[in-house]
Amino acid sequence: MLLDRLAETWTAVAATRSRNAKRDLLAATLADAGPDDLEIAVSYLGGALRQRRTGLGWRGLAELPEPAATPILTLLEVDAAFELMAGLSGPGSSTRRTAVAAELFGQATAREQAFLRGLVLGDLRQGAMDALVQEGLAKAYAVDPAVLRRAAMLLSSTTEAARLLVREGRDALAAVGPTVGTGVQPMLAASAPDPSSALAKVGSPAYADVKLDGIRVQVHRLGDEVRIFSRSLDDITERLPEVVEAVRELPARELVLDGEVLALRQDGRPEAFQLIAAQAATQAAVTQVAAADQSAQLGTQVPESLALRAFFFDLLYLDGRSLLEAPLRDRIAELERQLPAELRVERALVDTADELAAFFDAAVARGFEGVVVKAPDAGYAAGRRQASWVKVKPRHTFDLLVTGVEWGYGRRQGWLSNIHLAARDERTGEPVMLGKTFKGMTDELLRWQTEHFSSIATERTDHVVTVEPTTVVEIACDGLQVSTRYPGGVALRFARVLRYRPDKTAAEADTLADVKRLLGPPVEAPDETS
DNA sequence: ACCAGTTGACC
DNA sequence: ATTTTGT
DNA sequence: ACAAAATGGTCAACTGGT
């Protein structure tokens with residue numbers, strides 16, 4: 001199949017808002033793809049290359065060669081080119097990658113170049129992604145969409161489901177079960193603003209799990225072989241040797257566990273997410289030892305490595321038996337039989353909103369992120385964000401100044417969208433930037449912002465309109481994080497707009513000191529000798 | 001030996 | 001990650 | 001009820017250049 005066929009489909013899919021029409025367009029193209037093309041077509045129409053990383057990004061695509069006049073590229077050729085780029089590493093690889101990319105894009109027509117660009121950047125904007133491609137594929141092959149979706153979730157991707165479907169047929173799809181060693185799409189949680197609405201969504205009684213702010217992991221064990229997958233099903237086994245060891249010591253031979261990895265301090269409170277994530281992103285212990293040796297010789301400091309531990313909250317597979325369809329209460333019972341308490345997330349079974357609120361308050365007081373409220377009867381809905389799991393986190397609010405706004409893209413084109421947020425410096429009164437947000441804005445608010453901020457603009461560039469720092473906006477966030485980018489040394493985490501405060505003047509906005517109170521009482525500064 | 005820019009992954 | 005919009 | 005888009009911040013790895 002020619003790449004042009006997918007580029008054409010992409011244009012057509014983007015042109016309609018009807019999901020059914022999108023599905024039919026996708027189905028027509030997928031029905032025409034041969035067995036060798038199907039996986040690539042499924043992946044590309046879903047907006048993704050088959051390679052997880054190619055080393056190409058927006059910078060690498062900044063200058064493209066003249067487009068070709070006629071389409072000649074085949075899917076196999078394109079996939080091979082990206083495969084080549086993905087495999088390049090070491091000195092000279094960057095130059096080589098640029099050359100390969102230039103050759104590929106030089107053979108592409110203008111429309112194909114735009115399509116490829118969207119694939120590389122994950123920026124297709126056609127109003128259809130993985131889920132709609134599944135529907136299209138199901139229609140093209142006349143299989144039950146629910147069967148296809150389930151297979152995709154259990155096989156880790158729609159591409160894998162497509163491969164199985166085209167090679168082994170419909171029956172093989174229906175027979176798919178969870179397999180030790182193949183990542184299952186993790187179940188996600190909906191969210192609620194407070195404990196009582198969470199309980200209202202889930203129903204009672206409900207389980208309340210302490211929500212840990214770390215790295216989501218799915219751990220597979222088959223005998224001595226242990227594999228750890230991240231939320232996106234990346235294999236991160238090499239980065240978490242302590243977790244491998246802990247799981248190897250369990251009595252069960254075959255396991256698929258769902259949990260969170262983090263580090264606790266001496267006092268039992270969790271380390272900051274930033275430290276945990278940094279540790280988890282660091283390659284194998286061998287490298288760390290080497291780095292420590294090296295820095296010892298140089299007399300420099302290497303940050304002390306954190307002891308990462310896994311805390312599990314679900315069990316999906318045990319010794320030949322899938323537990324995906326089993327109700328949570330049964331999965332929990334089995335989890336408690338198989339794992340010692342030190343490896344489990346703390347949880348309670350609650351009946352009332354008051355009990356839940358007390359559990360939530362206690363968890364937050366101990367430094368944890370919040371709670372996840374779960375329906376005892378629900379099965380494990382792989383890959384879905386259902387009301388059977390609902391997370392709740394404390395919400396903090398500040399009144400901040402808007403110092404600038406950025407022009408939006410895509411459906412926000414032509415509107416001033418992303419706003420720059422600042423607190424007042426308590427001494428000088430000058431705004432200190434703490435981050436940006438585009439969240440919480442309705443279309444109506446976007447219209448208002450565009451008009452309002454245009455009227456108080458002091459400076460304009462291509463992307464950013466600087467404004468007089470007089471507008472006060474009420475912002476919600478999950479907390480603060482240490483920042484080297486922003487001058488106050490902190491940035492807002494998950495900031496979103498609640499409402500504008502036309503009733504407040506700039507002088508009434510919160511100060512940097514007000515915001516920093518969220519960090520808790522200031523820590524004794526260690527003696528800094530250099 | 002170190003720095004800066006880019007990419008990719010986590011939340 | 002969160003939120004809004006549209007089917 | 002679900003899917004998609006729009007865009008946030010941080011960190012480590014990697015590469016090329018000084």
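Chain letters run A, B, ... following the sequence lines, proteins first and then strands; every chain starts at 1. Because the structure is a prediction, the values reported are computed rather than measured. Values below: all heavy atoms of this structure, side chains included; hydrogens, waters and symmetry mates excluded.
Between A/Ser232 and the phosphate of B/dC10, there is a side-chain N or O to OP1/OP2 separation shorter than 4.0 Å. The phosphate of B/dT6 (OP1 or OP2) has no side-chain N or O of A/Arg97 nearer than 4.0 angstrom. The side chain of A/Gln386 places an N or O atom within less than 4.0 Å of a non-bridging phosphate oxygen (OP1 or OP2) of D/dC2. Distances shown here put every side-chain N or O of A/Asn418 at or beyond 4.0 Å from the OP1 or OP2 atom of D/dA6. Listed pair A/Arg384 / D/dC2 meets the phosphate criterion, a side-chain N or O lying under 4.0 Å from OP1 or OP2.
Remark: A/Lys393 engages A/Glu369, A/Asp478 in a salt bridge (Lys or Arg N to Asp or Glu O under 4.0 Å) (not counting sequence neighbours). Residues passing the side chain to side chain donor-acceptor pair (under 3.5 Å) test with A/Lys374 are A/Asp209, sequence neighbours excluded.
If you check C/dT2, D/dA6, D/dA12 against the side chain of A/Arg411, the one that comes closest is D/dA6. Across D/dA12, C/dT2, C/dT5, the shortest atom-to-atom separation from the side chain of A/Ala278 is found for D/dA12. Comparing D/dA13, C/dT2, D/dT10 by their nearest atom to the side chain of A/Lys439 picks out C/dT2.
A salt bridge links A/Asp235 to A/Arg227: one of the charged nitrogens lies within less than 4.0 Å of a carboxylate oxygen.
Non-hydrogen atoms lying under 4.0 Å from DNA chain D are contributed by A/Arg19, all within residues 15-28 of chain A. Against DNA chain C, the stretch residues 85-95 of chain A makes no heavy-atom approach under 4.0 Å.
Both cation-pi conditions hold for A/Arg493 and A/Phe273: the charged atom is under 6.0 angstrom from the six-membered ring centre and inside a 45 degree cone around its axis.
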Would you be so kind as to tabulate the donor-acceptor pairs closer than 3.5 Å made by side chains of residues 122-129 of chain A, with sequence neighbours excluded?
unit_1   : atom_1 : unit_2   : atom_2 : d
A/Asp123 : OD1    : A/Arg125 : NH2    : 3.3
A/Asp123 : OD2    : A/Arg125 : NH2    : 3.4
A/Gln126 : NE2    : A/Leu45  : O      : 2.5
A/Gln126 : NE2    : A/Ala128 : O      : 3.1

Check: residues 13-20 of chain A side-chain donor-acceptor pairs under 3.5 Å, at least two apart:
unit_1  : atom_1 : unit_2  : atom_2 : d
A/Thr16 : OG1    : A/Ser18 : N      : 3.1
A/Ser18 : OG     : A/Asn20 : N      : 3.3
A/Ser18 : OG     : A/Ala21 : N      : 3.0

